[in-house]
Each structure stands twice: as structure tokens, then as C-alpha cells.
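To keep things clear, I will list the structure first and then write my remarks on it.
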Number of protein chains: 2
Amino acid sequence: MENSAGIIENNKTQMRRGVLEYCILLILAGGDGYASSIIKKLKEVNIIVAEGTIYPLLIRLKKLELLTYRWEESTQGPPRKYYMITDLGREQLAGLDAAWDELAKGIEIIRKGSKA
Amino acid sequence: MENSAGIIENNKTQMRRGVLEYCILLILAGGDGYASSIIKKLKEVNIIVAEGTIYPLLIRLKKLELLTYRWEESTQGPPRKYYMITDLGREQLAGLDAAWDELAKGIEIIRKGSKA
DNA sequence: TATTGGTACCTTGTATTGCAAGGTATTCAA
DNA sequence: TTGAATACCTTGCAATACAAGGTACCAATA
């Protein structure tokens, strides 16, 4: 699928890219969560992510020691892997905050310029 | 390079991803330009892009008929390929505007929530 | 007439990574 | 014991940013 009609959908996917790690760290900075709960939170703000995206991502962030996890029993099914942000994770998150702000600002400037 | 020290740099790259097509359309909506002039404009707002990124991208957008180009002589060197946005390009740009707004809004919400 | 520097174009190969699709395991209720 | 819901995870594909390397044009200078 590579006709111009599909560009928007494709680009939404691309825009999510790179922002996802940031979003996960943001969400976990506000409280522990497991894969499904994170997906749900993202969906609530219209950022749609697939399971196959989240799991490898959480594993990667854990390897980088930005996250850790603990197992917790659930009354609703199998045990859940609750992820928690680490101190290092919070440190990196601050950097990502700045990176996002810079990007958003840059785009804002271009946007204003393009209307002139 | 995949230690936690490199995460920020890596993520800045990832954040650019998907936003780049949007930026190029935005810039060209404000006036025609050629590869180097686009790179320069992006650099002015701290969005750093390599040549090897821009050229394939312009070619792709041209194939999708969001852009066209004309050759124009330069007094400063070889002729330049000036890209122009098409009507279809403007149409798609409107969609990308909306996609960006939605993403930015989503992140803003998560951000506020994570500080609570 | 070289040669050098600046500008501009483009391609190839690699690494990253989102996602669709497919798979396993646990709990509970019918 | 069967089915639905919930949770976990992996494999393979496709998209794409970038580093590195290459070609070509123009003007000034040696």
C-alpha cells in the first residue's frame, strides 16, 4: 500500500515512532503499569499501539535499566508484569522531555513561517 | 551504540522520523526550495537532517505526486532542483497537520497525568 | 590548462523498529 | 471440559534515517 491515499495513516504510524519510548516512560513516571494497561492509557489519548510493539519495547527499556518490573497476581487472569521506572529512567525522561519540547517548538516555527 | 547514555540522541533521531515528511511539506507550502535549502531551514529550527535522508524522501514525495520540481540555474554552482508542493500535497498536508495536533495533544495529556 | 573549493545532485548498505500474525499460559464460569 | 477473557511473548516483514561514498558543475587561482 503505497498510494497517496495511505500517506496519512502511514505517517501517523511514523509519527508515533520514537515518541513511543517517551510515552511509556511518561506513563510509568505517573505510576506502575503492565503492558495492557499502558496500551489502554495510550488508546485513551488516541495513540494506538499494537501488543507486538509494546512488549519488545518494554524488554528493551528494561535491558537499558530505565525500567524494572515485579510480578503481581491478578484476580482477573494470569499474573501481571508491573513495570516501574528507575532513577536512570527518570533522568533520561528529563532529556526526552527537552527533546520533545525542542521538536514541537521547531515545528511550530516552521508552521508559522509556511502561512506567511 | 546501545547503552543508556545514547538513548537521548537515538530518540531525537526517532522523533524526527515520521515528522520529516510533514516538515518538508510544511516548508514547501511556504515557498519552493531545493534539498540544501530545506536542510538549512530545518537546521535553523534545530531539526538536523542528513543529505542521505532528504534526497530519497523528496524522490518519494515526488513519486506520490505530492511534489513536483523544476530545474533552475544558479550563479553559485550547478543547477538546482526546486521542489514545489502540488494541490494533492496541500491536501495531504492538511491531514498531517491534524495528525500532528492529535499526537501533540495526546502527549500533553499524558504529561499532565504523569505529574499528578 | 590544471587544480582546488564550494555547491549540488544521488545511491548503497546497515541498523532500527512498529506491526501483523501466530503462539502459550492462567483464571473463571458455564 | 470447554470457551472466553486476560496476559505474556516471538518471528518475519517493511519502512526509513543515516553514514559513507560517488558524480558533476562552476568559478577562481596557480
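Lettering of chains follows the sequences in order, A, B, ..., and the numbering in each one begins at 1. Remember, predicted model here, so these are calculated numbers, not experimental data.
- You'll find that the side chain of B:Glu21 is closest to D:dT16, out of C:dT17, D:dA19, D:dT16.
- Spacing between atom CD of A:Glu72 and atom P of D:dA7 amounts to 12 Å, rounded to whole angstrom units.
- With a 6.0 Å radius and a threshold of 12 heavy atoms from other residues, nucleotides or ligands, A:Glu65 has its CD atom at or below the threshold.
- Classification of A:Asp32 and A:Arg80 as a salt-bridged pair fails, no side-chain N sitting under 4.0 Å from a carboxylate O.
- One atom, CG of B:Leu20, and another, C1' of D:dC18, lie 11 Å apart when rounded to the nearest Å.
- You'll find the ring centres of B:Tyr69 and B:Tyr82 outside the 6.0 Å limit.
- For D:dC9, neither phosphate oxygen OP1 nor OP2 lies less than 4.0 angstrom from any side-chain nitrogen or oxygen of A:Tyr55.
- A:Thr53 comes within 4.0 angstrom of a nucleotide base, judged by non-hydrogen atoms across all strands.
- Among the atoms of the strands shown, only primed sugar atoms or phosphate atoms (P, OP1, OP2) are found under 4.0 Å from some heavy atom of B:Gln14.
- Closest contact between the side chain of B:Ala35 and the listed nucleotides D:dA19, D:dT16, C:dC9 involves C:dC9.
- Rounded to whole Å, atom C1' of C:dT11 lies 15 Å from atom CZ of B:Arg60.
- Comparing B:Pro78 and A:Val49 against DNA chain C, the residue whose closest nucleotide sits nearer the 5' end is B:Pro78.
- Within the nucleic acid shown, B:Thr13 comes within 4.0 Å of sugar-phosphate atoms alone, with no base atom in reach, counting heavy atoms only.
- Ranked by how close their nearest DNA chain C nucleotide is to the 5' end, B:Ile59 and A:Pro56 are led by B:Ile59.
- With hydrogens and angles ignored, a donor-acceptor pair closer than 3.5 Å exists between the side chain of A:Glu51 and the base of D:dC8.
- Distance CD1 (A:Ile39) to P (D:dA5): 17 Å, rounded to an integer number of Å.
- Within 6.0 Å of NZ in A:Lys81 there are more than 12 heavy atoms belonging to other residues, nucleotides or ligands.
- If you check every strand for non-hydrogen atoms under 4.0 Å, A:Arg80 touches sugar and phosphate atoms only.
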